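Quick note: numbers below take in every heavy atom, side chains included, and nothing from hydrogens, waters or symmetry partners. What you see is a predicted model; the values in this text were computed from it and never measured. Chain letters run A, B, ... following the sequence lines, proteins first, then strands; residues in each count from 1.
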Amino acid sequence: MNVFRLTGDIAHLLAIILLLMKIWKTRSCAGVSGKSQMMFALVFTTRYLDLITNFISLYNTTMKMIFIASSYGTLYLMFLKFRATYDSNHDTFRMEFLVVPVAGLSFLVNHDFSPLEILWTFSIYLESVAILPQLFMISKTGEAETITSHYLFALGSYRALYILNWVYRFYFEGFFDLIAVVAGCVQTVLYCDFFYLYITKVWKGKKLTLPA
Amino acid sequence: LIGSRKKDEL
């Protein structure tokens with residue numbers, strides 16, 4: 001464990017809590033992409049199957065369980081409890097355009113052709129693009145609530161911090177996972193436009209709106 | 001260490 005990974009994990013946890021709190025407090029999931037959230041639940045489910053086969057640490061097990069539970073909790077709030085507030089008209093990104101190619105790629109490019117390893121690879125690839133429906137939704141409506149933009153900033157920062165963690169681990173532990181690093185860089189790049197808008201608008205007290 | 005080993009990251 002190093003400081004980058006720890007702060008990355010904390011940012012990730014913070015993002016998930018922020019989203020749950022936003023939905024709970026406002027009793028609404030308006031502006032949140034149910035498709036991105038479904039894919040995140042799929043990401044955690046396929047990645048953390050090793051909860052059953054491997055024990056790494058109490059920290060690792062606890063965080064994995066929190067991530068899985070919270071992703072399904074978010075889906076419950078969005079698709080059952082506050083279903084009436086779900087903005088499906090604006091959530092029109094086609095998930096199959098991401099899930100199908102990512103599934104194909106995880107069969108072709110992986111560390112080991114075994115079920116758990118392929119599912120782990122699938123989750124890494126899917127995570128890198130799972131935010132696209134959310135970003136697409138914001139580009140369609142032209143704006144995001146401030147709390148939603150805080151959520152996205154925390155969520156994007158997490159993988160950026162992981163990149164620093166991988167640089168650290170490469171130099172100090174000789175650890176290098178090409179699949180995670182490439183996917184993590186792709187994931188972070190997808191946020192760059194959002195990061196720019198967030199820093200130039202939300203940090204100056206304005207709402208996140210897209211230039212016309 | 002390349003890739004496939006016990007995954008300690010989240």
Side-chain angles (χ1 to χ4, degrees), chain A residues 1-2 4-6 8-13 16 43-44 47-51 53-57 59-68 109-114 116-121 123-124 127 158-159 161-163 165-166 169-170 173-184, chain B:
Chain A
M1 181 59 75
N2 57 61
F4 304 115
R5 181 140 64 111
L6 186 63
D9 288 344
I10 291 167
H12 198 182
L13 192 61
I16 291 167
V43 162
F44 291 137
R47 186 173 312 168
Y48 298 156
L49 289 170
D50 66 349
L51 266 174
T53 59
N54 273 330
F55 178 80
I56 288 148
S57 64
Y59 171 82
N60 187 277
T61 301
T62 312
M63 291 294 260
K64 283 175 173 173
M65 293 200 312
I66 293 173
F67 287 158
I68 293 176
V109 184
N110 52 54
H111 292 308
D112 179 30
F113 201 78
S114 64
L116 268 188
E117 192 63 30
I118 291 170
L119 285 168
W120 177 85
T121 311
S123 87
I124 292 288
E127 184 191 338
Y158 134 72
R159 223 47 178 170
L161 287 161
Y162 256 69
I163 294 176
N165 153 63
W166 291 320
R169 294 192 75 178
F170 178 73
E173 298 170 26
F175 171 88
F176 180 66
D177 186 326
L178 187 62
I179 288 178
V181 171
V182 172
Chain B
L1 287 157
I2 311 269
S4 192
R5 65 167 196 176
K6 261 171 78 168
K7 307 283 196 285
D8 60 341
E9 292 182 347
L10 293 165

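For chain B, the nearby part of A/Asn165 is the side chain; its heavy atoms alone come within less than 4.5 Å. Interface remark: A/Phe170 contributes no atoms to any contact with chain B (heavy atom separation under 4.5 Å). Contacts of A/Phe67 with chain B are made by side-chain atoms alone, with heavy-atom separations under 4.5 Å and no backbone atom involved.
Rounded to the nearest 0.5 Å, atoms CG (B/Asp8) and CE (A/Met1) are 8.0 Å apart.
Ranked by non-hydrogen atom pairs under 4.5 Å with chain B, the options A/Phe44, A/Tyr59, A/Trp166 are led by A/Trp166.
Taking a cutoff of 4.0 Å between a charged side-chain nitrogen and a carboxylate oxygen, A/Glu117 and B/Lys7 qualify as a salt bridge.
Under the 4.5 Å side-chain criterion, counting only non-hydrogen atoms from C-beta, A/Asp177 is not in contact with B/Glu9.
Only one option out of A/Ile66, A/Leu13, A/Ile56, A/Asp9 pairs with B/Leu10 in a side chain to side chain contact (heavy atoms under 4.5 Å, CB included); it is A/Asp9.
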